[in-house]
Structure formats: C-alpha cells, structure tokens
There are 2 protein chains.
Amino acid sequence: MNKREFKDSVYSELAKITKSLANPHRLEIIELLAQGEYSVEQIAEQTHLPVANASQHLQVLKVAQIVDVNRQGNFIYYRLANANVFKTWRALRELGIERIATIEKLVKNFRKSKFDFESVTIDQLIKKIELGKVTILDVRPETEYNKGHIANAISMPLDQLSKRLKELPKCTEIVAYCRGPFCVFADEAVAILVKAGYKATRLEEGFPDWKIQELPVEISMN
Amino acid sequence: MNKREFKDSVYSELAKITKSLANPHRLEIIELLAQGEYSVEQIAEQTHLPVANASQHLQVLKVAQIVDVNRQGNFIYYRLANANVFKTWRALRELGIERIATIEKLVKNFRKSKFDFESVTIDQLIKKIELGKVTILDVRPETEYNKGHIANAISMPLDQLSKRLKELPKCTEIVAYCRGPFCVFADEAVAILVKAGYKATRLEEGFPDWKIQELPVEISMN
DNA sequence: AAACTATTCAATAAATTTATTGAATAGAAA
DNA sequence: TTTCTATTCAATAAATTTATTGAATAGTTT
C-alpha cells in the first residue's frame with residue numbers, strides 16, 4: 001500500500017462515519033440518546049418518525065458504530081456508543097451555532113418570541129453553586145432524570161411544575177435545565193416560574209454538556 | 001413557528017453543515033487547510049484531484065461557511081473559516097480512530113510496515129521541553145512552517161533532511177512533527193534520523209493540534 | 001404450540017450527490 | 001484593447017441516500 005492508497009482508505013472510512021451523522025433525523029436521534037437509552041418506538045415517537053423509518057436510521061448509526069444496542073424483553077434499546085460521539089455532536093452543534101447565522105437566529109428568535117429571559121452558562125452555574133445560593137431544577141421527563149442528573153438537582157418535569165410550585169423556595173434563585181440548547185423545556189419552566197414570582201433563569205447548555213465535563217453527577221436507583 | 005418546526009429547521013441546518021464535511025476529498029481538504037491557506041491549484045495537486053473537481057468541492061465548503069476565500073493576484077486562496085472547524089475535524093478524527101477498528105489498523109499497519117518507531121504525545125513533548133532536553137523538528141514544507149510552527153522548532157523539510165543532518169545535535173533527543181496523525185512526513189524523517197544514529201521519535205499529533213491547545217507558536221516573517 | 005408485538009427487512013420511486021467533461025468568466029498582464 | 005490564466009460554471013450520467021409501504025422475523029406471552 002502506498003501513501004495515496006493509505007490516505008484514500010483513511011479519509012473514506014472517516015467520511016463513512018461523517019455520512020452516518022449527516023442527516024437531520026439522525027442528528028436529532030443522537031441528541032436524544034445523549035440523555036440515555038431509548039427503545040425504537042420511543043425514539044420514533046420523540047422524533048415524529050414512522051417506526052420503520054426510525055429503525056432504518058438506527059441501522060445506519062449502528063453500522064457506523066455510533067450507537068450500541070441492548071435487548072430487554074420485547075424491546076430493543078439504543079444508546080450512544082461512547083463519549084466521543086457526544087463530543088462530536090457538540091463540536092458540530094457549536095460549529096453550526098457559530099458559523100451559520102440562520103441557526104443562531106432560529107434559536108434566538110424562537111426563544112425570544114416566546115420566552116424573553118436571560119440564561120446562564122455552565123461556568124456561571126458552577127460559581128452560583130459555590131456561593132450556595134441556587135436551586136437546580138431538572139425539568140426533563142423523570143426517566144431522563146433517573147438515568148443521570150446534575151448533583152443535587154430536583155426533578156420536576158415540566159408537566160408537573162405548575163402543581164408542585166410550592167415545593168420550591170422563593171428566597172433562592174432557581175436555575176432550570178433540560179436536554180441542551182435546542183430544547184425548550186427549560187424556557188417553558190422559567191416562564192412559569194417567573195410568572196409565579198420566582199427568580200429563575202435557564203441553563204444555556206444541557207445535562208450531557210455538564211456530564212461530559214466530568215462535573216458532579218448523580219444517578220437515581222430504579 | 002411551533003416546537004416541531006423549530007427543531008426541524010435547526011437539525012436540517014446542522015445536517016447541511018455535516019453533509020458538507022461528509023466526503024473523503026473534502027475531509028482531506030480540511031486537514032490540508034488546517035496547515036494554512038492554499039490556492040485551488042495547490043489543493044488539487046495535494047489531494048490528487050482534477051482542478052475543476054477540487055473547485056467544486058471547495059464551493060460546497062464555501063456555501064457551508066466552512067472555508068473563507070481571499071484573492072491575491074491571479075490566485076484564490078482558501079482557508080478554514082475558524083478554529084471550530086478544526087475542532088470539529090479533530091472530533092471526527094478521534095471518533096473514527098476510537099470507534100472504527102479499520103482506521104486504527106490502517107494507520108498502525110501502514111506506519112509499522114514502514115517505520116516501526118515509537119511516538120510521543122503532545123503532553124509528553126511538553127514535559128521533555130520543560131526538561132530542556134529536546135530538539136523539535138518541523139519536517140513539513142517550508143511554507144507551512146512559515147505560516148506557523150511550534151515555538152523553537154527548526155524547519156527541515158523532509159526533502160532537505162538527508163543533506164542537512166549535520167546541523168542537528170546528536171546529544172539531545174529529536175522529536176519530529178508534521179501535519180497530523182495521518183501524515184507520514186514525520187515517520188519518514190524519524191527513519192532517516194535513526195538510521196544516521198540520532199535518537200529520534202515522532203509527535204503523534206500535528207501542528208494544528210498543538211496550536212488549537214493554545215500552546216506556544218511562532219510565525220515566520222513573509 | 002399459537003398468538004402477539006417490537007423491530008427489521010426488502011422493494012421501489014424520488015431526491016441528492018458525485019465525477020467527468022468542456023465551456024465560460026474574471027481579473028492580470030501585455 | 002487583447003491575450004492569458006486560475007478558477008468557476010453547466011450539463012450529464014452514474015451512484016448513493018431517503019421515504020414509503022407492506023411483509024418478515026425474533027423473541028414474549030398465553
């Protein structure tokens with residue numbers, strides 16, 4: 001094998017991996033699986049895809065070794081193959097947000113049109129935690145909280161929030177977080193909280209961004 | 001715009017960027033441009049592509065805002081749009097090396113079959129520099145050295161190395177580096193050096209990996 | 001064993017991407 | 001202006017990717 005053949009092989013293998021990511025539905029699946037494992041049916045539902053279609057996309061990711069599989073009873077659960085997958089997704093996400101004005105505008109306009117609140121970054125949240133003056137609120141579905149959440153965060157899925165407001169302290173600031181910068185659960189939570197007179201902001205990034213930085217995480221029994 | 005429309009727009013924009021990367025030739029172009037800017041003709045030559053074909057791929061990258069353009073006289077020079085592009089390339093590269101056994105095998109086998117030497121990582125090189133017992137050798141083409149190189153590195157392009165051996169000290173260890181883990185300039189240099197009785201190893205990563213970590217860099221005049 | 005269910009497979013048409021040509025263009029040089 | 005040259009464009013055929021459909025499969029449950 002000469003130099004050129006070697007390069008051709010390497011780049012074509014890398015392009016195969018990149019191609020497996022280069023589809024809107026598959027990117028959405030990857031972001032979902034960054035929260036934990038899901039069955040085909042659940043993935044299909046969350047991404048609004050027909051099941052056969054979701055399965056087909058999952059096969060593409062499986063062949064590229066982007067996801068791993070594990071069967072439990074009748075269901076087959078998919079999960080990200082490892083931390084590098086999320087790192088790559090995040091690099092793409094940041095590249096997109098920085099380079100493509102369209103994406104930044106989409107995110108800002110969508111958020112602003114509905115919830116014109118400030119947000120905090122992970123670094124800012126860490127400082128608030130050190131000062132001890134913050135309540136961290138996980139507003140994702142409870143199953144995702146159970147699979148892993150920011151240490152000391154309280155679980156209060158969006159659909160329960162309004163009824164459980166009294167459990168939250170009014171004296172300290174509340175920071176709500178969800179799946180990531182493209183997820184609006186936290187925005188909706190902040191809107192409810194602010195309206196009810198709480199001091200609340202959203203975390204810009206999501207739980208997987210926290211975890212990948214090896215910041216303190218807890219997992220619930222179950 | 002509702003939540004689903006918002007998500008569809010965001011993921012489809014991100015997929016567009018990802019698709020612009022998802023081609024072996026374009027990945028190779030990106031790795032080349034990580035060394036500095038090049039004209040269309042130079043890019044075509046380095047990647048063994050017909051000029052019209054290289055130009056076509058560059059248009060794809062330009063539309064996706066992965067590269068920027070700058071005209072000088074008759075030539076049009078392309079460069080990476082910003083640091084996030086290289087970060088994304090690196091994430092893909094690491095994902096590939098880790099997940100795809102084929103790539104790791106390709107790299108190891110190709111290197112081992114020709115140059116069975118050890119290599120050092122950037123972290124290891126930093127320690128050697130602190131101890132002051134290392135000569136750093138940049139074996140890329142001189143133009144790439146001039147556009148930026150590791151601080152205190154000596155430029156000795158591969159094709160000049162054999163004739164200029166006497167310029168190198170025999171008492172200290174030599175670490176040669178080149179474009180990155182898929183580039184074999186440094187392997188070839190180490191082979192020549194070891195044969196001539198020098199103590200030499202290659203740097204596993206390349207200059208852009210050094211630069212992105214904000215380690216000390218120098219740029220030559222001109 | 002039979003019935004059931006979550007998932008995968010297979011076949012097809014439509015859409016997209018790619019390589020290959022040769023012509024067109026835009027700016028530099030004469 | 002005319003000529004020259006690096007680059008881009010345009011058209012086409014081949015290859016690949018995608019959505020859609022309905023059937024097949026593998027493992028559970030009855």
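Chain letters run A, B, ... following the sequence lines, proteins first, then strands; residues in each count from 1. What you see is a predicted model, and the numbers here were worked out from it, not measured in a lab.
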Among [options], which nucleotide has an atom closest to any side-chain atom of [X]?
X	options	answer
Val40(A)	dT7(D), dG22(D), dT7(C)	dT7(C)
Ser55(A)	dT18(D), dT8(C), dA26(D)	dT8(C)
Gln56(B)	dT20(D), dA19(C), dT21(D)	dA19(C)

Specify the separation, in whole Å, of atom [atom1] of [X] and atom [atom2] of [N].
X	N	atom1	atom2	result
Lys19(B)	dT17(D)	NZ	P	10 Å
His48(A)	dT20(D)	NE2	P	15 Å
Tyr77(A)	dA6(C)	OH	P	11 Å
Gln72(B)	dA26(C)	CD	C1'	17 Å
Asn53(B)	dA10(D)	CG	P	17 Å
Glu41(A)	dC4(C)	CD	P	17 Å
Ile43(A)	dT8(C)	CD1	C1'	14 Å
Ile76(A)	dT25(D)	CD1	P	15 Å

Next item on the list: Take Gln42(B) and Ala22(A), find for each the nucleotide of DNA chain D with the closest heavy atom, and name the residue whose nucleotide sits nearer the 5' end.
Entry: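 Of the two residues, Gln42(B) wins.
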
Next item on the list: Report the residue (Gly73(A) or Leu49(A)) whose heavy-atom-nearest nucleotide on DNA chain D is the more 5′ of the two.
Entry: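 Checking each residue's closest nucleotide, the 5'-ward one belongs to Leu49(A).
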
Note to self: For a quick test of reading the model, state the closest non-hydrogen atom pair linking Tyr145(A) to Ile154(A) and the distance between them.
What the structure shows: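 The answer is CE1-C, 4.0 Å.
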
Looking only at side-chain N and O atoms, does [X] come under 4.0 Å of OP1 or OP2 in [N]?
X	N	result
Asn74(B)	dA28(C)	no
His25(A)	dA19(D)	yes
Tyr38(A)	dT7(C)	no
His57(B)	dT17(C)	no
Arg71(B)	dT7(D)	no
Gln59(B)	dC9(D)	yes
Asn23(A)	dT18(D)	yes

Next item on the list: With the side chain counted from C-beta on, respond yes when Pro208(B) and Arg90(B) share a heavy-atom pair under 4.5 Å apart, and no when they do not.
Entry: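 Answer no - side chains too far apart.
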
Next item on the list: Answer whether the closest heavy-atom distance between the side chains of Pro141(A) and Arg179(A) falls below 4.5 Å.
Entry: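 Yes, at least one pair of side-chain atoms sits under 4.5 Å.
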
Notebook entry, point to check: Does Lys147(B) count as lying over the ring of Tyr38(B), i.e. NZ or CZ under 6.0 Å from the six-ring centre, within 45 degrees of the axis?
Noted result: yes

Next item on the list: Might you confirm whether atom CD of Glu214(A) has over 12 heavy atoms from other residues, nucleotides or ligands at distances under 6.0 Å?
Entry: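 No - once you tally the heavy atoms of other residues, nucleotides and ligands closer than 6.0 Å, there are 12 at most.
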
